[in-house]
Amino acid sequence: MAQNYYQKEIETMSREDMKALQSEKLVKQVKHVYENVPYYRSLMDEKGIKPEDIKGIDDLHKLPFLTKADLRDAYPYGLLAKPLEDCVRIHSTSGTTGRRVVAFYTQNDVDLWEDCCARAIVATGGSKKDVCQVAYGYGLFTGGFGLNGGSHKVGCLTLPMSSGNTERQIQFMMDLNATILCCTPSYAAYIGESLKEQGYKPEDIPLKAGIFGAEPWTEEMRKGIEATLGIKAYDIYGLTETTGPGVSFECSEQTGMHVNEDHFFAEIIDPDTGEVLPEGSKGELVFTSLDKEAFPLLRYRTRDICVLSRKKCSCGRTLIKMAKPMGRTDDMLIIRGVNVFPSQIETVLLKEGYEPNYQIVVDRVNNNDTFDVNVEMTAEQFTDKLGDVLKMEKALANAMKIMLGINPAVHLLPPKSIARSEGKAVRVIDKRKLI
Ligand code: ADP
Ligand code: ZN
């Protein structure tokens, strides 16, 4: 397949040139932050680091980290590096982990962010011939506006649907021949399910690609969405703190996401010691914004658990790749002392032939953790024979026990009994945290 790039020179730049570009940007950025963000200046002063000590990317490890706690402390203006009159936009995190963060953008920041999203769209084969349906939420959440901007830059005919109103999503998709769908993977699965119910077969659907992100999803879920919608499904990653979607994006190889490393420098650290780990190690992802003006975070700890790789990619891009994040250090559940990620449960469900419609409920009763997984049966699986249901529950609980090392209580529910998500899915109810 002939490869298209949105900014070929950057996307296929040699390692040496990229490092030189990153180093040049970092030196400038550290100076900008030191001079304009008293909060970070005092963190640098505490460590005895001056901007002159940072001569290039190899010195990055000397800088202090920023965490979500810092963002909370500094809320709302404490990390702003430009006068408010130079800013044109505010976005906010979706608050998955309960703590909202606000981020500011200059016009130049918006511009570079939209370029990143345009790279992602072009990497899926997108061009001005496409109709791009953006079904991420528009508003404080970054998804809608980010992909909308990228779609404009590519020159696609943009359908700014926002999330929700699935009937209307389907009608516009079919009537206006949408070819690219952008939304969360859980919403894509729901749209697919609704299309199927209305009798559409994959070959009836005009879509050819999907750009799905903003939440973790498994390979099994990708296969399911690709089959129902008759498309290739691409992953996209980002967070409000760095801009929004488009920090990294998947290419035709579909084996991880290329990081837009001319704008965001990625490191993997040991979450316990803060030590930088070599390429290929699993750890916490840390990003440094190399050229953001209004809200430039240096060494921001994302809490996302990930692996980086410089293995040569068949698409020709030389940008470093990150694996699908395996969850966050803060969405890992510790149940009866065992580490459990929702993504592991999802993997088991899809392998056992269930749809990814589930909810994990954890509680503490008499000082013991309880661990329940509610799972919907599909219409084909549905039975009201108690004996059969019990057998199926037992088989599923066993499969989970093998994956996790602990035994959940599985409860099979009738189809459509777990609320669908139009944005990020709510997979976990941890009642222990609510006490
Ligand atoms: P919140 O922290 O409230 O969810 P954001 O809306 O900014 O705030 O979401 C950013 C987070 O979403 C990332 O740190 C990551 O955990 C998750 N995320 C985004 N894209 C992906 C993706 N493609 N795969 C897995 N997780 C993702
Ligand atoms: Zn590639």
Side-chain angles (χ1 to χ4, degrees), residues 1 3-5 8 11-12 67-68 71-72 91-103 113 117 119-120 122-125 136-137 139-147 163 182-186 188 210-219 221-222 233-260 264 266 284-287 295 297 300-306 309-332 341-343 346 421 423-428:
M1 173 177 146
Q3 288 299 335
N4 289 320
Y5 310 100
K8 184 168 183 204
E11 294 175 58
T12 60
T67 63
K68 216 160 194 164
L71 267 61
R72 244 192 352 257
H91 280 288
S92 166
T93 59
S94 39
T96 309
T97 48
R99 294 170 288 260
R100 282 183 193 274
V101 162
V102 288
W113 172 28
C117 291
R119 288 182 196 172
V122 172
T124 71
Y136 283 110
L140 282 172
F141 176 54
T142 52
F145 279 103
L147 268 308
S163 60
C182 309
C183 60
T184 58
S186 49
I211 302 179
F212 306 134
E215 63 181 2
W217 52 312
T218 53
E219 276 310 316
M221 188 156 166
R222 182 199 320 253
Y234 298 86
D235 204 352
I236 186 166
Y237 168 92
L239 60 165
T240 316
E241 293 91 321
T242 54
T243 40
V247 169
S248 63
F249 62 96
E250 229 172 18
C251 62
S252 50
E253 208 181 83
Q254 292 180 302
T255 54
M257 296 176 272
H258 289 286
V259 177
N260 282 314
F264 311 104
E284 181 179 349
L285 193 53
V286 172
F287 279 114
F295 198 67
L297 302 188
Y300 179 65
R301 293 182 59 159
T302 63
R303 304 177 188 217
D304 290 325
I305 300 159
C306 201
S309 157
R310 283 222 175 271
K311 239 173 90 198
K312 197 165 186 280
C313 189
S314 62
C315 77
R317 286 177 185 78
T318 49
L319 301 171
I320 195 166
K321 273 162 97 167
M322 58 180 262
K324 254 181 189 310
M326 295 154 203
R328 303 191 198 191
T329 51
D330 53 0
D331 73 12
M332 183 182 81
F341 284 99
S343 59
E346 190 171 306
S421 149
K424 300 195 191 211
V426 181
R427 303 295 196 195
V428 179

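Counting convention: from 1, in listed order, for ligands and their atoms alike. FYI, the numbering just counts along the sequence from 1.
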Task: Sole residue of Trp217, Phe212, Tyr136 in side chain to side chain contact (heavy atoms under 4.5 Å, CB included) with Thr184 - done: Tyr136
Open item on the list: If I take atom CZ from residue Phe249 and atom CE from residue Met257, how far apart are they, to the nearest 0.5 angstrom?
Closed with: 11.0 Å
TODO: For Tyr300 and Glu241, test the side chains for any donor-to-acceptor distance below 3.5 angstrom and give the result as yes or no.
DONE: yes
Open item on the list: Side chain, backbone, both or neither: which applies to Leu239 and ligand 1 if a contact is any heavy-atom pair less than 4.0 Å apart?
Closed with: both
TODO: Could you see which bit of Phe141 sits under 4.0 Å from ligand 1, with heavy atoms only: side chain, backbone, both or neither?
DONE: side chain
TODO: Before signing off on this row, confirm whether Asp304 and ligand 1 have an N or O atom pair separated by under 3.5 Å.
DONE: yes
Open item on the list: What do you get for the angle at the Zn ion (ligand 2) between SG on Cys251 and NE2 on His258, to the nearest 10 degrees?
Closed with: 110°
Open item on the list: Please determine whether any non-hydrogen atom of Lys424 lies less than 4.0 Å from an atom of ligand 1.
Closed with: yes
Open item on the list: Taking a cutoff of less than 4.0 Å between a non-hydrogen atom of the residue and any ligand atom, is Arg328 in contact with ligand 1?
Closed with: yes
TODO: Examine the proximity of ligand 1 to Thr240 and report which part, side chain or backbone, both or neither, has a heavy atom under 4.0 Å away.
DONE: both
Open item on the list: Below 4.0 Å, non-hydrogen atoms only: which portion of Thr142 touches ligand 1? Side chain, backbone, both or neither.
Closed with: neither
Open item on the list: Checking the N or O distance criterion of under 3.5 Å, is ligand 1 in contact with Trp217?
Closed with: no
Open item on the list: Classify the ring geometry of Phe287 against Tyr237: parallel below 30°, tilted from 30° to 60°, perpendicular beyond 60°.
Closed with: tilted
Task: Validation row: Thr302, Leu239 side chains within 4.5 angstrom (heavy atoms) - done: yes
TODO: Please note down the angle at the Zn ion (ligand 2) between SG of Cys315 and SG of Cys313, to the nearest 10°.
DONE: 110°
- [ ] Using a 4.0 Å heavy-atom threshold (strictly under), name the region of Lys68 that reaches ligand 1: side chain, backbone, both or neither.
- [x] side chain
- [ ] Tell me yes or no: between the side chains of Ser186 and Glu215, is some donor less than 3.5 Å from an acceptor?
- [x] yes
- [ ] Flag Gly213 as yes when one of its N or O atoms lies below 3.5 Å from any N or O atom of ligand 1, and as no otherwise.
- [x] no
